[in-house]
Amino acid sequence: MNNFAYARASDVADAVRRIAADPAAKFIAGGTNLIDLMKESVEHPTQLIDISRLPLATVEATRDGGLRIGALVPNSDLAYHPQIEARYPLLASAILAGASQQLRNMASTGGNLLQRTRCSYFYDTTTPCNKRAPGSGCSAIDGFSRNHAILGTSEHCIATHPSDMCVALAALEARVLATGKDGERSIAFADFHRLPGDTPHVDSNLRADEIITAVELPPRGFAHNHSYLKIRDRLSYAFALVSVAAGLDLEGGTIREARLALGGVAHKPWRDRDAEAQLSGAPATQESFLRAAETVLRHARGFGHNDFKIELARRAIVRALTQAARGTPQSQADKRIR
Ligand SMILES: Cc1cc2nc3c(=O)[nH]c(=O)nc-3n(C[C@H](O)[C@H](O)[C@H](O)COP(=O)(O)OP(=O)(O)OC[C@H]3O[C@@H](n4cnc5c(N)ncnc54)[C@H](O)[C@@H]3O)c2cc1C
Ligand code: SF4
């Protein structure tokens, strides 16, 4: 039995005060990841600070024409929000590609960003794992690595970030708003999650005393030419082997601007500015897409069981960009199930 205290935060300032006073405490929002981790004895918070009733569940327009999504907006409400469906369908499709309807009803925007890896050794407390027990070693590198990373790995960890929503948020250049003891700050999405390096136990650059209050979307949503392509073992209720979020701004047959982010391949949503730069000004053809895929994967490295991901990612990038260019995004089958 692991004892822990429970407290309900009355407002954001109270939540920050409570987390700053107890470094071993954790916020709980939807609980869909944290409770599992506690049951599996992977996480042992001394206190759960319940933030689920804070007034952070609205989607509002920002002054620059974008949207501010409260940290407690449930994933399902966000995917079906009329502004998201119309202006940011890439984000709607990515959310609907994740988990199940029941989970999306509970899962929050903030919690989705901070969900932890699905590396099976991380969940198995009988095995060494640098993320769970720093310094103990990495069981995956010489073990079963089928679901693991091919980009940005380190000798200490080859885990992937499991979120679908975050891949779209990376491509859209969202920002994360966080409040801590020193006030509010805005973090570029590319700087929010970390690569494992020699501190794989630290997933993000959120400070210990900070709470995520919102995610902000810039005005451009690439609504006409986008695609979220998720390749997985089953058609639903499975994490990505490889996923691709693509957004194109086209003029005739030429790409004015491209956004490309990958999931299932690295410790964070993977964006490659060189590949995007290569696409801008190029014709929207298979050749251009293949060249961009080669650039994204130029430093890719497999660990045996996951070698297939390199070719899978290459093909998924080309297919997602082709779908985006044609204006035929992946069908959103889940949308029929409300
Ligand atoms: C069976 C299963 C299948 C799944 N499949 C997918 C999938 O295919 N794709 C996918 O993307 N996801 C998938 N998920 C993950 C799911 O999306 C996440 O569990 C969910 O988004 C987490 O949100 P939550 O609100 O429940 O977080 P919680 O479990 O409440 O919290 C998660 C972490 O975030 C922290 N936290 C929460 N909110 C805040 C905040 N505002 N500020 C600071 N810290 C905060 C908590 O302290 C905790 O560390 C799956 C989950 C399950 C159980
Ligand atoms: S890949 Fe990372 S999470 Fe998985 S066993 Fe290695 S250190 Fe742990």
Side-chain angles (χ1 to χ4, degrees), residues 9 12 15-16 19 25-38 42-43 45 48-52 54 56 70-76 78 94-100 102-124 127-145 147-149 153-169 176-180 196 200-201 203-204 206-215 230 232 234 236-240 243 263-264 267 269 303:
V12 168
V16 170
I19 201 98
K26 283 260 173 192
F27 292 131
I28 182 160
T32 61
N33 189 216
L34 182 55
I35 297 290
D36 280 357
L37 290 165
M38 290 171 69
V42 176
E43 300 225 21
L48 288 186
I49 304 169
D50 187 347
I51 57 169
S52 64
L54 296 184
L56 299 173
L72 290 167
V73 175
N75 286 180
S76 45
L78 187 58
I95 295 170
L96 293 175
S100 64
Q102 290 90 338
L103 282 160
R104 295 193 295 266
N105 287 342
M106 288 302 294
S108 67
T109 301
N112 193 302
L113 265 58
L114 290 171
Q115 62 175 294
R116 306 210 69 192
T117 186
R118 293 283 159 170
C119 170
S120 53
Y121 299 108
F122 176 66
Y123 274 81
D124 180 353
T127 59
C129 168
N130 286 324
K131 187 179 278 298
R132 175 172 31 77
S136 61
C138 171
S139 298
I141 289 177
D142 294 319
F144 187 61
S145 59
N147 294 324
H148 289 74
T153 54
S154 78
E155 59 184 305
H156 303 289
C157 180
I158 60 170
T160 57
H161 192 266
S163 169
D164 290 292
M165 186 179 87
C166 290
V167 184
L169 291 175
V176 182
L177 298 189
T179 298
H201 56 292
D203 291 339
S204 81
L206 194 72
R207 295 183 195 130
D209 66 312
E210 285 179 321
I211 179 171
I212 298 172
T213 54
V215 170
K230 178 175 180 180
R232 47 188 152 170
R234 292 185 300 263
S236 75
Y237 210 38
F239 290 90
S243 69
H267 200 257
F303 292 83

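Read the numbers this way: they start at 1 and go in the same order the structure lists the ligands and their atoms. The model shown is predicted, which means the values in this text are computed figures rather than measured ones.
If you look at Leu72 next to ligand 1, there are no close heavy atoms at all, none under 4.0 Å. Heavy atoms of Met38 found under 4.0 angstrom from ligand 1: none, in either backbone or side chain. When non-hydrogen atoms are compared, ligand 1 lies under 4.0 Å from the backbone of Ala238 (N, CA, C, O) but not from its side chain. With a 4.0 Å heavy-atom cut-off, ligand 1 is reached by the side chain of Asp36 but not by its N, CA, C or O. Residue contacts with ligand 1, taken as heavy atom pairs separated by less than 4.0 Å, do not involve Ser100 at all. At a 4.0 Å heavy-atom cut-off, ligand 1 touches Ile51 through the side chain alone.
Around atom 2 (Fe) of ligand 2, the protein contributes the following N, O or S atoms under 2.8 Å, ordered by chain and number: Cys157 SG.
No option in Asn33, Asn75, Thr32 other than Asn75 meets the side chain to side chain donor-acceptor pair (under 3.5 Å) test with Asn112.
Protein heavy atom at the shortest distance from atom 18 (C) of ligand 1 is Thr32 OG1, 3.5 Å. Ranking the protein heavy atoms by distance from atom 21 (O) of ligand 1 puts Asn112 CA, 3.2 Å first. In this structure, the protein non-hydrogen atom closest to atom 34 (O) of ligand 1 is Leu114 CB, 3.3 Å. Counting only heavy atoms of the protein, atom 48 (C) of ligand 1 lies nearest to Phe27 O, 4.1 Å. The nearest heavy-atom contact from the protein to atom 25 (O) of ligand 1 is Ser108 OG, 2.6 Å. The shortest contact between atom 10 (C) of ligand 1 and any protein heavy atom is with Asp164 OD2, 3.6 Å. At the top of the distance list for atom 7 (C) of ligand 1, counting protein heavy atoms only, stands Ala99 N, 3.1 Å. For atom 13 (C) of ligand 1, the closest heavy atom belonging to the protein is Phe239 CE2, 3.3 Å.
For Glu43, the side-chain hydrogen bond (donor to acceptor under 3.5 Å, both in side chains) test picks out Lys26, Arg116, with sequence neighbours left out. Shown here are the ring pair (Phe, Tyr, Trp, His ring centres under 6.0 Å) partners of His161, two or more places apart in sequence or in another chain: His193. Residues forming a ring pair (Phe, Tyr, Trp, His ring centres under 6.0 Å) with Phe144 (at least two apart in sequence, or on another chain): His305.
Although no hydrogens or angles enter the test, the distance criterion places no donor-acceptor pair under 3.5 Å between the side chain of Ser243 and the main chain of Ala240. Side-chain atoms of Arg232 come within 3.5 Å of backbone atoms of Ala97 as a donor-acceptor pair (strictly under, hydrogens ignored). The main-chain N or O of Tyr237 is never found under 3.5 Å from a side-chain atom of Ser100 such that the two would form a donor-acceptor pair. The main-chain N or O of Asp124 is found under 3.5 Å from a side-chain atom of Arg132 such that the two form a donor-acceptor pair. Not one N or O on the side chain of Lys230 forms a donor-acceptor pair closer than 3.5 Å with the backbone of Ser236. Thr179 places no side-chain N or O within donor-acceptor distance of the main-chain N or O of Ile211, the cut-off being under 3.5 Å. Not a single donor-acceptor pair under 3.5 Å links the side chain of Ser108 to the backbone N or O of Ala29.
Every atom of ligand 2 is numbered from 1 in the order shown, and the set under 4.0 Å from a heavy atom of Ser139 is 5 (S).
Classification of Asp203 and Lys131 as a salt-bridged pair holds, one side-chain N sitting under 4.0 Å from a carboxylate O.
For the pair Pro269 and Leu169, the minimum side-chain heavy-atom distance is 4.5 Å or more.
In terms of polar-atom proximity, defined here as any N/O pair under 3.5 Å, Ile212 does make such a contact with ligand 1.
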Should Met38 and Leu48 be marked as a side-chain contact (heavy atoms from CB on, under 4.5 Å) after you check the CA-CA gap, both sets of side-chain angles, and the distance that decides it?
CA-CA 11 Å; Met38 290 171 69; Leu48 288 186; 4.0 Å; yes

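The closest side-chain donor-acceptor pair between Gln102 and Asn105, if any, does not fall under 3.5 angstrom.
The shell of residues lying under 4.0 angstrom from ligand 1, judged by heavy atoms, includes Lys230. Residue-ligand proximity: Arg118 is placed with a non-hydrogen atom under 4.0 Å from ligand 1.
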